[in-house]
Amino acid sequence: MSEGTVKKFMFVNRKAPYGSVYALESLEVVLITAAFDQDVSLAFLDDGVYQLVKGQDTKAVGMKNFSPTYRALEGYDIEKLYVERESLEARGLTEEQLLVDVQVLSQADMASLMAEQDVVLSF
Amino acid sequence: MKIAVLVNEGPYQHQSADTAWNFCKAAIEAGHEIQRVFFYHDGVNNATKLTEPPQDDRHIVNRWASLNKEHGVDLVVCVAAAMRRGIVEANLAEGFRISGLGQLVESGIQADRVVTFGD
Amino acid sequence: MLHIVNKSPTERNALASCLAHAKAGHALLLIEDAVYVATAGGKAALAAAPAGLAVYVLSPDLQARGLGGKAAEGIKEVDYKGFVELVAAQPRVQSWL
Amino acid sequence: MAIEVNGKTYETDEEGYLVNLADWDKDIAAAIAVEEKIDMTDNHWEVVNFLREYYDEYQIAPAVRVLTKAIGKKLGAEKASNQYLYELFPYGPAKQACKIAGLPKPTGCV
């Protein structure tokens, strides 16, 4: 493919943070992808919504708290953050409890959005 | 067709490295091009030359290396993930190279399909 | 879209989540520990599948688990070659990890 | 490797980055700058302080592109250029400025 190709990349986050490294290393890929001028979206569904919960404090577990980095995404021109409503509801969470501005989508809309992507990377 | 493969788990612990390798082999046999295999997360552990399974077990690292040797498949290990897990040039198996996450993004741009194998 | 699921639905929710987001015309391939779903005993987990979703199972993984030839009706067995064909036939691939 | 500041020794890696980020203070920054052959002016400190604030807020070192844009917003449009940053830090703002600011070593992922 020629230079200047713009594809729709979606990063699907379905895992909670800290219990495994996927959330952190997924975020690292997202930050790199920003440099390639692609059409990037992030989807948070299932336990992935826990990544965005406010008030994370990792001092006592001795791990890095990477949750503030989600707020840096805007400066990287990554502004499409989608959270699935059903996943929030199933976990008793509301949009107000999230640490960054997101667009809350129904499961049906999330499914349609996924079906429009060129590249789907799940972590 | 150009197919890129992402491997997110180490060898032996999960089946994903085996499935990924079997998939790559079948794709090449069917006449497709494996544009790149990118190793991320614990997948970087597929690339250590210190691996020594018992003789009656498959040698997953050598299997990957053979894809590079026989078919020129680009085997790329993510530098950031590798450094975290102690995979460096000194213990990197033949046929692999260490590079940046940009190579994964590039695969997404250049390949017709990206297939992820993980747990 | 080709959806790939590799975990048993009694271990993880990947299959349920996949089925909730799959659409008519998509394909689902069951591999590794998800192949149990393809048997008569496990097929109930597919009840939520959308109409028009074609379901496949990776036969080498069935055979390895003592389930060779035991794919339930309506589920097609494919080998790695068939896996590659599915990838090529669908415009994109999503692994539900 | 190590760096000596005010009679105390601080551990650095083979490229001169601080091993323990918590060690960082202005005197150590000045000493790292000497090693980098950079004469720290107010303009240098402005960038270093900016990087520290950015890291404190977001827990990452910004990509150069993001740094340039953010500096433009905070310190004025005339400072929002690669050229300005490279004049201050000839071996690259990502490497040199982060090293002086006591931020983690960029993993060179692109």
Side-chain angles (χ1 to χ4, degrees), chain B residues 1-43 46 56-58 60 63-64 66-67 71 73 81 104-105 107-119, chain C residues 1-18 21-22 25-38 54 56-68 76-97:
Chain B
M1 183 170 278
K2 282 187 191 180
I3 303 172
V5 168
L6 172 61
V7 178
N8 286 339
E9 297 297 336
Y12 304 105
Q13 180 86 20
H14 301 284
Q15 199 188 344
S16 50
D18 292 279
T19 309
W21 183 80
N22 281 309
F23 173 84
C24 288
K25 219 164 112 288
I28 292 166
E29 277 163 17
H32 298 292
E33 177 196 340
I34 297 295
Q35 183 263 354
R36 176 170 295 145
V37 182
F38 191 87
F39 297 90
Y40 195 43
H41 301 303
D42 275 359
N46 281 277
D56 61 352
D57 200 352
R58 77 268 191 231
I60 294 180
R63 275 182 173 180
W64 286 120
S66 74
L67 282 188
H71 305 283
V73 174
L104 171 61
V105 185
S107 281
I109 297 169
Q110 291 181 353
D112 301 302
R113 302 283 184 279
V114 179
V115 189
T116 305
F117 295 90
D119 194 65
Chain C
M1 176 109 79
L2 171 65
H3 300 272
I4 302 175
V5 174
N6 74 336
K7 282 286 176 279
S8 148
T10 40
E11 194 206 335
R12 298 253 189 105
N13 75 337
L15 179 70
S17 196
C18 168
H21 296 89
H26 289 185
L28 165 65
L29 176 63
L30 303 163
I31 67 170
E32 301 175 0
D33 289 350
V35 299
Y36 297 106
V37 173
Y56 300 84
V57 62
L58 194 62
S59 54
D61 280 334
L62 271 181
Q63 289 155 17
R65 288 160 178 80
L67 302 167
K76 292 176 211 90
E77 290 193 32
V78 292
D79 55 10
Y80 291 107
K81 182 166 172 274
F83 185 172
V84 173
E85 284 163 6
L86 285 171
V87 166
Q90 292 283 336
R92 70 198 78 79
V93 184
Q94 178 168 5
S95 297
W96 291 83
L97 302 177

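Basis for what follows: all heavy atoms, side chains included, without hydrogens, waters or symmetry-related copies. All of these numbers come straight from a predicted model, not from anything done at the bench.
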Which atoms of [X] are under 4.5 Å from chain B, going by heavy atoms: the side chain, the backbone, both sets, or neither?
X	answer
Asp61(C)	side chain
Ile4(C)	side chain
Ile31(C)	side chain
Gln90(C)	backbone

Which one wins on heavy-atom pair count under 4.5 Å against chain C: Leu6(B), Val114(B), Asn22(B)?
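The residue among Leu6(B), Val114(B), Asn22(B) with the greatest pair count is Asn22(B).
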Specify which of Asn6(C), Val87(C), Leu2(C) makes the most heavy-atom pairs with chain B at under 4.5 Å.
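With the most close heavy-atom pairs to chain B, the winner is Val87(C).
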I'd like to know which of Leu58(C), Asp33(C), Val84(C), Asp79(C) tops the heavy-atom pair count under 4.5 Å against chain B.
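Of the options given, most contacts go to Val84(C).
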Do Gln35(B) and Met1(B) have side chains that approach each other closer than 4.5 Å (heavy atoms only, starting at C-beta)?
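Answer no - side chains too far apart.
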Residue pair Lys7(C) / Asp119(B), side-chain heavy-atom distance below 4.5 Å
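They are in side-chain contact.
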Is His14(B) in contact with chain C via its backbone, its side chain, both, or neither, using a 4.5 Å heavy-atom distance?
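Neither part.
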What part of Asp18(B) lies closer than 4.5 angstrom to a heavy atom of chain C: side chain, backbone, both or neither?
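Neither part.
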Side-chain donor or acceptor of Ser17(C) paired with backbone N/O of Ala14(C) under 3.5 Å:
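Checked: no pair found.
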